[in-house]
*Asks:* 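For reference, the structure I am asking about is given below.
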Amino acid sequence: MLVLGIESSCDETGVALYDTERGLLAHRLHTQMAMHAEYGGVVPELASRDHIRRLVPLTQSCLQEAGAGYADIDAVAFTQGPGLGGALLAGSGYANALAFALGKPVVPVHHLEGHLLSPLLADDKPAFPFVALLVSGGHTQFMAVRGIGDYTLLGESVDDAAGEAFDKTAKLLGLPYPGGAKLSQLAKLGSPDAFEFPRPMLHSPDLQMSFSGLKTAVLTAVQKVRAENGGEIPEQTRNDICRAFQDAVVDVLAAKSQKALLDTGFRTLVVAGGVGANWKLRETLSALTVQPPHAKGRAKPPAEAVNVYFPPMEYCTDNGAMIAFAGAMRLQNAQAAGGFDVKPRWPLAEIVKS
């Protein structure tokens, strides 16, 4: 079964072809980063118009690479939400029109489910069940994943997502949009002891997280540095702030990952979403172990190893491959349902178990 996947939730246009027998055959991604950079953020109207321009040529390019034609497509999957309303409509309109013209089913996909399943596109795939850490610009959540469509929300950020905090902190430091990736690069040059920022909710008894207070702590530090340096931020000081901020975020995510694994009893962690490309997060989580609880007065058992999986770097950001794959899995599990409408604020709770 050949599934065409369409991703248009924000500022990247993704198209891919996934075959349930042969795997991913082709994928194309166009980023609007340069277009939005001069505005310091995504302009929804511009994003929508650009998606419309890109969808047809990207689809044709995928078909050419796969050696297939439109008639070979068995279903069309598209991102129904969450995301920017106009951008989602561009993808939905194209997907539904194409599916109607071909007489094929259309499969709406939740954007976060695409990210959740993206590590399954790798050659080295995780086995169910596992704990998934969805960490992106819009979401930071822990999920217990027992199978396709079998997801339980364990905890999430109560305010800013981790990726959002990265981008906002980068903006405070005067880094160009989008600044999260640049901040991570500069953190490599920073001293680990120059600044110390809080780790919000690090020891809370649940799996909730918060990053807005950390962002405020960075703002306070930046204001002090500017006041002491005539409004400027010295280059090394900027690098040090980047390092301290990144270390704080990663420490929280690592601690909460350990708790999620202990709470579920799982020993496999899957990391998905744009922040999954962060070098420090990958380095820290790859070395993660968990310490099983033990009774007072008894010998402490040895720490247990964790199997950690990340999606390939090209699938960390928004992409059509994850939508095509999620759509194919939903079709195979008889979970598909057509629809033209989009859901810009689609709650994840609607696709998870309570």
Side-chain angles (χ1 to χ4, degrees), residues 112 114-145 151-157 160-166 169 180-181 183-185 187-188 190 192 197-204 206-211 214 242-292 302-317 322:
L112 293 184
H115 278 303
L116 189 69
L117 300 178
S118 61
L120 298 176
L121 287 165
D123 293 332
D124 183 19
K125 302 177 179 62
F128 299 115
F130 55 78
V131 169
L133 168 58
L134 290 171
V135 56
S136 67
H139 303 85
T140 302
Q141 298 163 322
F142 283 100
M143 309 278 291
V145 180
Y151 318 127
T152 304
L153 181 63
L154 302 175
E156 60 187 336
S157 175
D160 288 356
E164 182 182 8
F166 263 91
T169 298
L183 185 154
S184 179
Q185 293 172 5
K188 293 181 179 181
F197 292 136
R199 274 73 170 157
M201 301 184 74
L202 181 67
H203 301 295
S204 67
D206 51 32
L207 288 168
Q208 303 298 87
M209 295 159 283
S210 171
F211 297 106
L214 172 58
C242 290
R243 174 64 182 268
F245 168 81
Q246 179 173 264
D247 285 352
V249 172
V250 171
D251 283 352
V252 171
L253 295 177
K256 295 293 182 176
S257 295
Q258 287 177 314
K259 179 169 175 52
L261 291 162
L262 283 170
D263 287 354
T264 59
F266 301 164
R267 291 298 178 262
T268 299
L269 175 69
V270 167
V271 185
V275 183
N278 181 274
W279 66 271
K280 180 66 174 178
L281 185 65
R282 284 182 172 244
E283 179 183 277
T284 301
L285 294 184
S286 293
L288 199 67
T289 60
V290 293
Q291 181 63 58
E304 297 178 358
V306 176
N307 298 312
V308 183
Y309 294 84
F310 298 89
M313 294 293 282
E314 60 188 324
Y315 306 137
C316 284
T317 58
M322 68 182 192

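Just the heavy atoms: all of them, side chains too, but no hydrogens, waters or symmetry mates, feed the values below. Just so we're clear, the structure is a prediction, and the values are computed from it rather than from any experiment.
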*Asks:* Would you check if the distance from the ring center of Tyr309 to the ring center of Phe130 is below 6.0 Å?
*Replies:* no

*Asks:* Quick check: do Asp251 and Gln246 have side-chain heavy atoms less than 4.5 Å from each other?
*Replies:* no

*Asks:* Rounded to the nearest 0.5 Å, what separation is found between the CZ atom of Phe245 and the CZ atom of Phe211?
*Replies:* 8.0 Å

*Asks:* Can you name the closest pair of heavy atoms from Arg243 and Pro192 and give their distance?
*Replies:* NH2-CB, 3.6 Å

*Asks:* If you take all heavy atoms of Phe166 and Val275, which pair is closest and at what distance?
*Replies:* CE1-CG1, 4.4 Å

*Asks:* I want to check something: taking the side chain as every heavy atom from C-beta on, are Met201 and Asp206 in contact at a cut-off of under 4.5 Å?
*Replies:* yes

*Asks:* To the nearest 0.5 Å, tell me how far Leu117 CG sits from Tyr151 OH.
*Replies:* 4.0 Å

*Asks:* Mind running side chain to side chain contact (heavy atoms under 4.5 Å, CB included) on Val306 and Val290 for me, showing each step along the way?
*Replies:* CA-CA 7 Å; Val306 176; Val290 293; 4.0 Å; yes

*Asks:* Are the side chain of Lys256 and the backbone N or O of Leu253 linked by a donor-acceptor pair below 3.5 Å?
*Replies:* no

*Asks:* Between Thr152 and Thr264, is a side chain to side chain contact (heavy atoms under 4.5 Å, CB included) present by the stated rule, with each step listed?
*Replies:* CA-CA 11 Å; Thr152 304; Thr264 59; over 6 Å; no

*Asks:* Do Phe142 and Glu156 touch side chain to side chain, with heavy atoms closer than 4.5 Å?
*Replies:* no

*Asks:* Pair Ser257, Val131 - check side chain to side chain contact (heavy atoms under 4.5 Å, CB included), show working.
*Replies:* CA-CA 8 Å; Ser257 295; Val131 169; over 6 Å; no

*Asks:* Are side-chain heavy atoms of Val250 and Leu285 found at a separation under 4.5 Å?
*Replies:* no

*Asks:* Work out which heavy atom in Pro198 is nearest to a heavy atom in Ala248; give both atom names and the distance.
*Replies:* O-CB, 3.7 Å

*Asks:* Just how far is it from atom CH2 of Trp279 to atom OG1 of Thr284, taken to the nearest 0.5 Å?
*Replies:* 8.0 Å

*Asks:* Ignoring hydrogens, what is the shortest heavy-atom contact between Pro200 and Val252? Give both atom names and the distance.
*Replies:* O-CG2, 3.9 Å

*Asks:* Out of Leu202, Thr140, Val249, which residue meets the side chain to side chain contact (heavy atoms under 4.5 Å, CB included) rule with Met209?
*Replies:* Thr140

*Asks:* So, for Leu281 and Phe310, which heavy atoms are closest and what is the spacing to 0.1 Å?
*Replies:* O-CZ, 4.3 Å

*Asks:* Between Pro292 and Glu304, is there a side-chain heavy-atom distance shorter than 4.5 Å?
*Replies:* yes

*Asks:* For Pro126, run the side chain to side chain contact (heavy atoms under 4.5 Å, CB included) check against Thr268, Leu269, Val308 and tell me which one passes.
*Replies:* Thr268

*Asks:* Show the nearest heavy-atom pair for residues Gly276 and Val271, with the distance to one decimal.
*Replies:* CA-CG1, 4.1 Å

*Asks:* Nearest 0.5 Å please: distance from the CD atom of Gln208 over to the CD atom of Gln141.
*Replies:* 10.0 Å

*Asks:* Hey, what do you get for NZ (Lys259) to CG (Leu154), rounding to the nearest 0.5 Å?
*Replies:* 10.0 Å

*Asks:* Could you check if a side-chain atom of Pro302 sits within less than 4.5 angstrom of a side-chain atom of Gln291, using non-hydrogen atoms only?
*Replies:* no

*Asks:* How long is the span from the CZ atom in Arg282 to the SG atom in Cys316, to the nearest 0.5 Å?
*Replies:* 4.5 Å

*Asks:* Under 4.5 Å between any side-chain heavy atoms of Met143 and Leu116, yes or no?
*Replies:* yes

